[in-house]
Amino acid sequence: MHLVVDQSRLTVPQPTYFGSGTDDGRMIFTIPREGKTYFGTTDTDFRGDYAHPTVEQGDVDYLLSIINKKYPSAHLTIDDVEASWAGVRPLIEVEVEGNESADAATGASVSDSTSAPSAVSRGSSLTEAEDGLITLAGGKLTDYRIMANGAMEKILEKLRDKFSKNFTVQDSAEIKVAGGDFDSDNAEEELARIAKEGEEAGLSKADATEIANLFGSEAEQIYDYARTIKPADGLSLGETAALDYSLAEEMTLTPVDYLLRRTYHILFKSDTLNEVKTGVVNHMADYYGWDKVQREEYETELKNEIEESRLEDLKSKN
């Protein structure tokens with residue numbers, strides 16, 4: 001779980017990493033971004049709805065207590081939280097003799113009843129069932145390329161030995177991700193160049209810089225949109241072009257898709273979210289031809305997502 005506050009309430013010059021100061025052995029991050037500071041994470045057992053994990057009061061109290069101890073002048077409360085998000089991380093245990101479980105990566109024994117969540121294995125597991133199903137589970141974001149490589153090697157081995165099929169592996173490290181078609185060794189200079197192209201296309205400097213930073217080399221396609229359109233009601237030229245691009249190229253289907261998943265308005269732009277969201281809904285309604293019922297459904301979904309991110313329910317109980 002992470003919480004977001006305005007940078008004026010918690011100012012950190014650069015990403016910071018420190019011990020929680022409790023007996024749980026956890027590490028905490030504080031990271032500046034877009035004029036905000038976000039911090040986390042928590043690591044607790046979750047027994048709720050796996051399809052829709054939400055931020056809980058105990059996790060908020062835990063993080064605020066640690067942050068206020070580390071930054072004594074902050075005096076943060078839940079009312080300072082502008083946005084939040086939560087997710088569930090699956091960790092691996094395998095049964096061994098007795099009432100214990102083994103670390104999936106090392107075989108080290110971990111007690112089922114006493115282990116803290118932060119003590120469970122972060123290792124990954126690659127198995128093949130009797131019917132041939134290959135399952136890759138566990139791990140961490142920092143390990144995903146190693147995990148994927150191991151799975152690919154197993155697949156290639158099976159294709160070769162069982163089906164006499166041989167393939168040459170593509171080195172994914174040499175494939176540029178969408179938006180990454182520029183000299184990454186000089187990223188700041190390259191993104192500044194891309195932003196300058198946006199200004200030349202008629203965007204404000206702020207919009208051009210934001211779009212360059214968010215979309216990378218894909219920003220050039222957005223600038224092409226900007227050269228042929230007018231700003232939609234309630235949106236700047238840059239925001240209109242970015243939304244048009246997202247609708248056409250990124251399968252954006254709902255306002256939440258755009259404001260949370262394709263951009264970071266809900267998480268890091270709470271100051272201007274209320275101004276932008278109406279323009280986004282209106283433009284998308286025109287684009288997709290929503291009727292009144294559809295529009296109201298998407299507006300309700302957006303309202304609920306924003307309130308959940310802002311912890312409105314928890315705030316009302318404090």
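Hydrogens, waters and symmetry mates play no part in the numbers below; they use all other heavy atoms, side chains included.
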So, are [X] and [Y] salt-bridged, with charged N and O less than 4.0 Å apart?
X	Y	answer
Glu197	Arg193	yes
Lys140	Asp143	no
Asp313	Lys317	yes
Lys269	Glu210	yes
Glu299	Arg295	yes
Glu82	Lys36	yes

Scan side-chain atoms only and decide if [X] and [Y] contain a donor-acceptor pair under the 3.5 Å cut-off.
X	Y	value
Thr41	Arg26	yes
Ser246	Glu250	yes
Glu297	Gln294	no
Thr127	Ser125	no

Using modelled atom types and a 3.5 Å cut-off, is there a donor and acceptor pairing between side-chain atoms of [X] and backbone atoms of [Y]?
X	Y	value
Asp24	Ser20	no
Asn282	Thr278	yes
Glu190	Asp183	yes
Asn149	Arg145	no
Thr240	Pro231	no
Ser84	Ser309	yes
Asn68	His75	yes
Ser65	Asp61	no
Asp80	Val5	no
Thr272	Glu275	no

With sequence neighbours excluded, tell me which residues meet side chain to side chain donor-acceptor pair (under 3.5 Å) with Thr54.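 Checked Thr54 against side chain to side chain donor-acceptor pair (under 3.5 Å); zero matches.
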Taking everything shown except [X] itself, do over 12 heavy atoms lie less than 6.0 Å from its [atom1]?
X	atom1	answer
Asp233	CG	no
Lys158	NZ	yes
Lys176	NZ	yes
Lys315	NZ	yes
Met27	CE	yes

Taking the six-membered ring for Trp and the full ring for Phe, Tyr or His, determine whether the centres of Tyr245 and Phe215 are under 6.0 Å apart.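 Yes, ring centres under 6.0 Å apart.
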Out of curiosity, [X] [atom1] to [Y] [atom2], how far, rounded to the nearest 0.5 Å?
X	Y	atom1	atom2	value
Glu239	Asp244	CD	CG	10.5 Å
Lys303	Glu308	NZ	CD	12.0 Å
Arg262	Thr252	CZ	OG1	4.0 Å

May I ask you to decide if the ring planes of Tyr71 and Phe18 are parallel, tilted or perpendicular, using 30° and 60° as cut-offs?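 Perpendicular, since the angle between the ring planes exceeds 60°.
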Would you call the rings of Phe46 and Tyr50 parallel, tilted or perpendicular, where under 30° means parallel and over 60° means perpendicular?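 Correct class here is tilted.
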Starting from Leu64, can I reach Trp85 by hopping between I/L/V/M/F/W/Y residues whose side chains sit under 4.5 Å apart?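 Result: no, two separate clusters.
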Could you list the residues that satisfy side chain to side chain contact (heavy atoms under 4.5 Å, CB included) with Thr42, not counting sequence neighbours?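 If we apply the side chain to side chain contact (heavy atoms under 4.5 Å, CB included) test to Thr42, skipping adjacent residues, the hits are Met1, Asp59, Tyr62, Leu63.
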Transitive ILVMFWY cluster of Leu133, excluding itself - 4.5 Å side-chain cut-off: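 Reading the cluster by chain and number, Leu133 sits alone, since nothing else belongs.
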